[in-house]
Amino acid sequence: MAKETILREKGSGEVMYPRTMAALVRTAGGSDVERELAELPLKVFVDMWLERGLIYSGTSTDEATLSRHRWSQYDPVGHPDEPFGLDGMWLSYSEAVTVMAVPDVVLWNETTVGMRHFSFSRARTLFPVKGSIGMNLGSVFGMMPNLEVVRVMDYYIINNGADPDTSPQRVNNTRDMITLCPRLREVRGVLKLIPQDSLGRHFYGVNATALETIWLQGVCLSMDLSRWGKLRVECVAYMVEHAANTSAITITLHPEVYAGLTDDIIAKAAEKDISFATV
């Protein structure tokens, strides 16, 4: 017949439950088991955070020519309040959990689900996003109210079940990117615009009123960027340098951005049949 043994603390007579007993057991490193158990979920999360941030980069299909880059960091000493780093932005534990909840792979047959997750997330930034061939990655994070920094990735996953990270292809549709992201400050990487759609437009992100940095390639239509009051003049120069218009176009700027245009930018724009206007 099984016996039940109740252990009581000497002196107080208080019952010692297993979790209390764990505090009395020392690990090989000298820490108590109870503390180790309490810290285990955080350690697991840190491992997941660092692993998710280790991503191939490049545009070749040859694995030998690709490089691996770690986008994520964990530094509780240098950043005690916001120890989780992602592409230079530091986040608290709760913010990192929110970012981790957003999928980093969106498949073609899960487009609606992916868009829903991204659009209603409160994440301040995102892990680099990958999608299946034909997927419009721009649309899946078009409406994120807290998004501050996002990176344009230069590849999809092509159908390579063995190792999808080794078969990258550049995203070719970013029309709906950052449509409604009122806190977005920076788009990292180069955003290559597609030709115009049925409405005669090729980029809908003009409502990102806090935007300071964005590198646009392939501008071929007139654009009203007058709501981008904090846009860096260097970004305007880049936009002009890499424009793809075949006829005259006009770029409308916020008055403060317009006032910052240099003679060199205006002259280069004139060479490419681009004029500037303001409101």
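Contact check for N245 versus V219: no side-chain heavy atoms found under the 4.5 Å cut-off. Counting heavy atoms from C-beta outward, E186 and L211 have side chains that stay 4.5 Å or more apart. Side-chain contact check for V102 versus F127: every heavy-atom pair is 4.5 Å or farther apart. Between R52 and M100, some side-chain heavy-atom pair lies under the 4.5 Å cut-off.
Test Y93, Y74, F84 against W49 for ring-ring contact (aromatic ring centres under 6.0 Å, His included) and you get one pass: F84.
In this structure, CE in M223 is found 11.0 Å from CD1 in I274, a value given to the nearest 0.5 Å. The OG1 atom of T125 lies 7.0 Å from the CG atom of L91; values are rounded to the nearest 0.5 Å. The OH atom of Y238 lies 9.0 Å from the CG atom of L216; values are rounded to the nearest 0.5 Å. Taking SG of C220 as the reference point, atom CD1 of I249 lies at 7.5 Å (rounded to 0.5 Å).
A side-chain donor-acceptor contact under 3.5 Å links K272 to the backbone of V240. A donor-acceptor contact shorter than 3.5 Å links the side chain of T278 to the backbone of L253. In this structure a side-chain-to-backbone donor-acceptor pair under 3.5 Å is missing from H79 to D75. The main-chain N or O of A237 is never found under 3.5 Å from a side-chain atom of K268 such that the two would form a donor-acceptor pair.
When the side-chain hydrogen bond (donor to acceptor under 3.5 Å, both in side chains) test is applied to T98, no partner is found at least two apart in sequence or on another chain.
Under the 4.5 Å side-chain heavy-atom criterion for grouping Ile, Leu, Val, Met, Phe, Trp and Tyr, L40 is connected to V46 within one hydrophobic cluster. V279 and Y258 fall into different hydrophobic clusters, where Ile, Leu, Val, Met, Phe, Trp and Tyr are joined by side-chain heavy atoms under 4.5 Å apart, directly or via other members. By the rule that hydrophobic residues join a cluster once side-chain heavy atoms approach within less than 4.5 Å of another member, W90 and V99 end up as members of separate clusters.
Judged purely by distance below 3.5 Å, without hydrogens or angles, the side chains of S275 and T250 pair a donor atom with an acceptor atom.
Closest non-hydrogen pair, L225 versus M239, comes out as CD1-CE, 3.7 Å. The nearest pair of heavy atoms linking V257 to G229 is CG2-O, 3.8 Å.
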Please step through salt bridge (Lys or Arg N to Asp or Glu O under 4.0 Å) for the pair E148 and R124, ending with a clear verdict. CA-CA 5 Å; E148 295 180 18; R124 292 171 55 207; 3.2 Å; yes
